[in-house]
Number of protein chains: 2
Amino acid sequence: MRRMTARPANAHQARLLKLLRDGGPNSRAQLGDQVDLSRSKLAVEVDRLLETGLVVADGLAASRGGRRSHNVRLNPGLRFLGVDIGATSVDVAVTNAELETLGHLNQPLDVREGPVAVFEQVLSMAAKLRATGLAEGFDGAGIGVPGPVRFPEGVPVAPPIMPGWDGFPVREALSQELGCPVMVDNDVNLMAMGEQHAGVARTVADFLCVKIGTGIGCGIVVGGHVYRGTTGSAGDIGHIQAVPDGRPCACGNRGCLEAYFSGAALARDALEAAQQGLSVELAARLATNGGLTAVDVAAAAAAGDATSLEMIREGGNRVGQVIAGLVSFFNPGLVVIGGGVTGLGHTLLAAIRTQVYRQSLPLATGNLPIVLGELGPTAGVIGAARLISDHLFSPA
Amino acid sequence: MRRMTARPANAHQARLLKLLRDGGPNSRAQLGDQVDLSRSKLAVEVDRLLETGLVVADGLAASRGGRRSHNVRLNPGLRFLGVDIGATSVDVAVTNAELETLGHLNQPLDVREGPVAVFEQVLSMAAKLRATGLAEGFDGAGIGVPGPVRFPEGVPVAPPIMPGWDGFPVREALSQELGCPVMVDNDVNLMAMGEQHAGVARTVADFLCVKIGTGIGCGIVVGGHVYRGTTGSAGDIGHIQAVPDGRPCACGNRGCLEAYFSGAALARDALEAAQQGLSVELAARLATNGGLTAVDVAAAAAAGDATSLEMIREGGNRVGQVIAGLVSFFNPGLVVIGGGVTGLGHTLLAAIRTQVYRQSLPLATGNLPIVLGELGPTAGVIGAARLISDHLFSPA
DNA sequence: TCAACTTTCTCCACTCACAGGACAAAGAGC
DNA sequence: GCTCTTTGTCCTGTGAGTGGAGAAAGTTGA
């Protein structure tokens, strides 16, 4: 099919598109209940959307005691590409306009190889998905990168773990390669948007989404919108000081949170424990695999390894301390924990909860759920699709 | 005069009122340059505002090379009451509709005496100001209280330092007593709004306003609007843990920031230093006054007392550490330091700056000013007036 | 099977918001 | 005095939006 070119002509149409995206097929009457427009005006706008091809007729709905309604839905041929670039792996997914994942690929990757190599891989993954017949082309793409982004331009700025990416025009370059509009954001923000769209944060206006993977970051949602800060680095909590004069960190400071708990720190601690003979379980895994990652710690903990459990507990306490401070400051309605280390599961969550509930003010924690993300690795790509759809479903 | 009853009928009128409030007298032409409306439409809305009496004609302006323009301005008879209730003192001020302070009173007060006693005092101060001829009545009042507030209802919730205030219907009670609309907010938020309106934060969209007085709080401004959090306790940073397993705090935890640096903590440390003979300067002041407060420490430091300087430096370091974390998290465009202890001046600011610039990420601190508030004790009352004017200058 | 009621959707007339041009008023500059 | 500029008003045309009438397509119960 020819790719989507139309954009909503006004705020009403944008609103309707988002309702159809989030609520699926709907009749004019149902839409009318949600938008505070007269039925005549609503019909006009729906007709115009039908003309653009963004929206198509979708048959008759069951009767609700009277004439059956004519449903409309977003064009089922629309395709969005969601890309979530992590430090050590990349997720690429294809969604329809309702942001349902139609296909999903994950591959290992080293982000330090630079944007050219990475995008070559991403484009080949996208081509592979297209080859399965899921899409003939893309109407838009959302890209998440593991570092701060100057959002309006879609350019990474001073990313600590992504040498070679600083200032690379990700948005422009990919837009040219893919031949469709592209939006770029921090991977943590996309995870927050994903959980907001289809996960645990569907009904919350103000929440925090803490992603613990190779590094640690925090998505901040204020009034339903992602807050990115003055220079796009909001939520960069990995280098908040967790321990005064503590361990040296790669950033040059001491006692940073990331130096104590993150995928990388956990792997290092596990190696140390295995080599010092503190954990039989970890030593065995080291001998088998020739190396250790957070996954090994999770497995060892699941098998009851005391050293691993203690590592998780201590790390959770550190993270929990920092989150406790953020909860006092931000007073969110929900805290979501996600990222690679969520495999550590309940042990981690319990440690975090303990610290937060103990240290933050009762008024801030009184009715505060602290939960694991619901979407796992798909949160990022769904968030990416949501990012570009929010853009395309807004007046030009 | 009869009190203001009209409200703007639509968003255009609201916009115009705020432009006149923030920019003073203006001609139709000047207003037209700022609102993106046709001249005819603009003239209609201005005429309607003139009819309501909210706006009045203000003579002819000087020519700019052609026909002289007819200025309009907000009704100069409008009066707002700004009240800033602190833990140990209260500020009450009268402003005009352009939020210029026409009269200002400050009195000591103990907020623990409860709302009834406090409001008796506030009302008598307001009456005193009225008696000077500054106002015949008030068109609206903004009230700041030193604790969290359920903003929509204007009711304090679980305020730690204000026993007896929990759930007291401040807004409703004062509205009845004063016979005008009332809005209630946290004192720290009002300080932020004051500095935003007339102080150092005039041009910044996202900033933090740290108020260090009897306690410590932080106003959070996102996209020009105060962020209050899910339960109204956002910015309550006084009980963030600054030192793991540190000093016991009144809240029951240990190592809270407030236990290390605040008006109260400083007074206690100063007393200790004086009694232990660590500071001749402080001991002399103790003998003279029979007690010590943060003001004494400031004076002693100004006189070169090493102990006092060191106390300020150490406290500043603690506060700076916490702010550093918040800067990494929030990535503000400005940090304002205000409250009673700003008398400690440059020593304090230097300590805070050192910590923040050392510990936060370069991307977040690269272009981050950290400055003292410009308005001092008037920030709160101006913010209060701004709060109620924002409310009244919005469509009903 | 038919009448009465519901729900959905379309059509049409009317109102109101708003833009933009013509024009008048008032001044500056030469 | 003449021209140019700025300000403000008046008027008309256009498009957005409302709300009612009524047609279309159902359900339900007698």
Side-chain angles (χ1 to χ4, degrees), chain A residues 6-20 23-52 54-74 393-396, chain B residues 6-20 23-52 54-74 393-396:
Chain A
R7 291 277 289 274
N10 57 43
H12 295 315
Q13 293 184 15
R15 182 83 204 286
L16 292 171
L17 290 173
K18 285 174 187 168
L19 284 173
L20 290 171
N26 254 298
S27 68
R28 287 167 179 76
Q30 283 173 306
L31 290 171
D33 293 342
Q34 302 173 70
V35 295
D36 195 43
L37 277 180
S38 67
R39 278 191 306 207
S40 31
K41 176 62 178 166
L42 184 117
V44 169
E45 297 298 349
V46 170
D47 286 345
R48 287 183 190 164
L49 285 173
L50 286 165
E51 274 173 38
T52 66
L54 286 173
V55 162
V56 299
D58 191 44
L60 291 167
S63 167
R64 296 196 300 177
R67 174 175 170 177
R68 293 166 65 191
S69 54
H70 295 256
N71 274 352
V72 292
R73 60 174 298 185
L74 290 175
F393 291 169
S394 297
Chain B
R7 293 276 287 275
N10 57 42
H12 296 316
Q13 292 184 15
R15 181 83 204 286
L16 292 172
L17 289 174
K18 285 173 186 168
L19 284 173
L20 290 172
N26 254 297
S27 68
R28 286 166 180 76
Q30 283 173 305
L31 291 171
D33 293 341
Q34 303 173 70
V35 295
D36 195 42
L37 278 179
S38 67
R39 279 188 310 195
S40 36
K41 176 62 177 165
L42 185 117
V44 169
E45 296 299 350
V46 170
D47 286 345
R48 288 184 189 161
L49 285 173
L50 286 165
E51 275 173 36
T52 66
L54 286 173
V55 162
V56 298
D58 191 44
L60 291 167
S63 166
R64 297 197 300 176
R67 175 175 168 178
R68 295 167 65 190
S69 55
H70 296 254
N71 273 352
V72 294
R73 61 174 299 185
L74 290 175
F393 291 168
S394 298

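Numbers restart at 1 for each chain; the letters A, B, ... are given by sequence-line order, proteins then strands.
Interface remark: the B/Arg67 side chain does form a donor-acceptor pair with the D/dT7 base, using a distance-only criterion of under 3.5 Å. Under 3.5 Å, the side chain of B/Arg28 and the base of D/dG8 form no donor-acceptor pair of N or O atoms.
Heavy-atom distances to DNA chain C give each of B/Leu37 and A/Arg64 a nearest nucleotide, and the one nearer the 5′ end belongs to A/Arg64. Sequence order on DNA chain D of the closest nucleotides to B/Ala43 and A/His70 puts B/Ala43 first from the 5' end. Residue order along DNA chain D, read from the 5' end via each residue's closest nucleotide, puts A/Asn10 first among A/Leu60 and A/Asn10.
How far CG of B/Asp47 is from CG of B/Leu42: 9.5 Å, rounded to the nearest 0.5 Å.
The interatomic distance linking B/Arg39 (CZ) with C/dA24 (P) rounds to 15 Å, in whole Å. Here D/dG8 presents its C1' atom at 15 Å from CG of B/Asn26, a figure rounded to the nearest Å. Straight-line distance from the CG atom of B/Leu42 to the P atom of D/dT9: 10 Å, rounded to whole Å. Rounded to whole Å, atom P of C/dT7 lies 18 Å from atom CG of A/Leu31. Atom CG in A/Asn71 sits about 12 Å away from atom C1' in C/dT8, given to the nearest Å. Note: CG (A/Asp47) to P (C/dT10) measures 6 Å, nearest angstrom.
The side-chain contact (heavy atoms from CB on, under 4.5 Å) test with A/Phe393 is passed by exactly one of A/Leu74, A/Leu16, A/Leu20: A/Leu74.
Here the side chain of B/Arg7 pairs a donor or acceptor atom with the backbone of B/Ser394 at under 3.5 angstrom. Not one N or O on the side chain of A/Gln30 forms a donor-acceptor pair closer than 3.5 Å with the backbone of A/Asn26.
Within 4.0 Å (heavy atoms only), B/Ser63 reaches sugar-phosphate atoms of the nucleic acid but no base atom. Looking at heavy-atom distances under 4.0 Å, A/Lys41 makes contact with a base.
For A/Ala29, counting side-chain heavy atoms from C-beta on, the closest listed nucleotide (C/dA28, C/dT8, C/dA19) is C/dT8. Which of C/dT10, D/dT7, C/dC18 sits closest to the side chain of B/Glu45 comes down to C/dC18. Closest contact between the side chain of A/His12 and the listed nucleotides C/dC18, C/dT8, D/dG17 involves D/dG17. Relative to the side chain of A/Ser40, the nucleotides D/dT7, C/dA19, C/dC11 differ in distance, and C/dC11 lies closest.
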- request: May I have the step-by-step check of salt bridge (charged side-chain N to carboxylate O under 4.0 Å, His left out) for A/Glu51 and A/Arg48, ending in yes or no?
  value: CA-CA 5 Å; A/Glu51 274 173 38; A/Arg48 287 183 190 164; over 6 Å; no
